[in-house]
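Data block below; observations after.
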Amino acid sequence: QVHLAESGGGLVQAGGSLTLSCVISGTGFSITALAWYRQAPGRQRELVAAITSASSPYYADSVKGRFTISRDAATNTMYLRMNSAKPEDTAEYYCAAGITFEASPGEWTPEKNYWGQGTRVTVSS
């Protein structure tokens with residue numbers, strides 16, 4: 001089993017910065033993709049940023065140039081650095097990971113998505 005735990009949310013003034021963290025814990029797993037999503041009140045959950053080992057990071061147009069997704073492979077921690085925060089960035093932020101498990105030596109299960117519980121970010125104007 002795998003567990004994702006976000007932290008770092010809170011209140012920030014417009015123009016300020018905030019860094020979200022997501023620790024991925026468990027045993028016998030491999031990470032295929034990492035992503036941050038957000039959901040504002042009354043709106044659908046949207047993809048904010050994502051990284052895989054095979055491609056360049058993806059950013060939603062609304063955060064491009066302001067947010068940076070990164071990963072520390074040694075600690076299985078992923079980050080979302082939010083700069084130049086805007087009131088429209090206010091949302092519940094969720095980390096997500098594509099995970100496979102080694103069922104037997106050299107054989108891996110299909111990828112399954114795991115989610116964190118969310119961390120609230122509020123940007124005041």
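In this chain, numbering begins with 1 at the start of the sequence shown. All figures in this text were calculated on a predicted structure; none of them were measured in a lab.
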Using the rule that Ile, Leu, Val, Met, Phe, Trp and Tyr join whenever any side-chain heavy atoms are under 4.5 Å apart, tell me whether V63 and I51 fall into a single cluster. yes
Measure across S84 and S17 and return the closest heavy-atom pair with its distance rounded to 0.1 Å. N-OG, 4.4 Å
CG-OG1 distance between L4 and T77, expressed to the nearest 0.5 angstrom: 10.0 Å
If you look at every heavy atom in V121 and G9, which pair is closest and at what distance? CG2-CA, 4.2 Å
Say you draw a straight line from CG of L18 to CG of L11; how long is it, rounded to the nearest 0.5 Å? 9.0 Å
Any donor-acceptor pair under 3.5 Å linking the side chain of E111 with the backbone of G98? no
If we only count heavy atoms from C-beta on, is the E6 to L20 side-chain gap below 4.5 Å? no
Could you walk me through whether W36 and M78 pass the side chain to side chain contact (heavy atoms under 4.5 Å, CB included) check? CA-CA 9 Å; W36 287 96; M78 125 169 114; 3.3 Å; yes
Students often mix this up, so state it plainly: with edges at 30° and 60°, are the rings of F67 and Y93 parallel, tilted or perpendicular? tilted
Is the backbone of F101 close enough, under 3.5 Å, to the side chain of T109 for a donor and an acceptor to pair up by distance? yes
Are E88 and S62 packed together at the side-chain level, in the sense that at least one heavy-atom pair is separated by less than 4.5 angstrom? no
Taking the side chain as C-beta and beyond, is there a heavy-atom pair between Y114 and I24 under 4.5 Å? no
Counting only N and O atoms by type, is there a donor-acceptor contact under 3.5 Å from the side chain of Q117 to the main-chain atoms of A5? no
May I ask you to test the Y79-D72 pair for a side-chain heavy-atom distance under 4.5 Å? yes
Rounded to the nearest 0.5 Å, the CD atom of Q13 sits from the OG1 atom of T122 at a distance of 13.0 Å
Interatomic spacing from CZ in R81 to CD1 in I69 - rounded to 0.5 Å: 15.0 Å
Starting from L47 and following side-chain heavy-atom contacts under 4.5 Å between hydrophobic residues (I, L, V, M, F, W, Y), which residues can be reached? Y37, Y58, Y94, W115
Shortest non-hydrogen contact between S125 and A14, atoms and distance: CA-CB, 4.2 Å
Once rounded to the nearest 0.5 Å, what's the spacing between atom OG1 of T19 and atom CG of L80? 8.0 Å
Heavy-atom closest pair, residues N76 and I31: OD1-CD1, 3.7 Å
Taking the side chain as C-beta and beyond, is there a heavy-atom pair between V12 and M82 under 4.5 Å? no
For V123, is there any backbone N or O sitting under 3.5 Å from a side-chain donor or acceptor partner on T90? yes
Quick check for you: to the nearest 0.5 Å, what is the distance between E102 atom CD and T27 atom OG1? 11.5 Å
Any chance you could lay out the salt bridge (Lys or Arg N to Asp or Glu O under 4.0 Å) test for K86 and D89, step after step, and finish with the verdict? CA-CA 5 Å; K86 301 178 179 180; D89 294 326; over 6 Å; no
For Q39 versus R43, what's the shortest heavy-atom pair and its separation? NE2-O, 3.1 Å
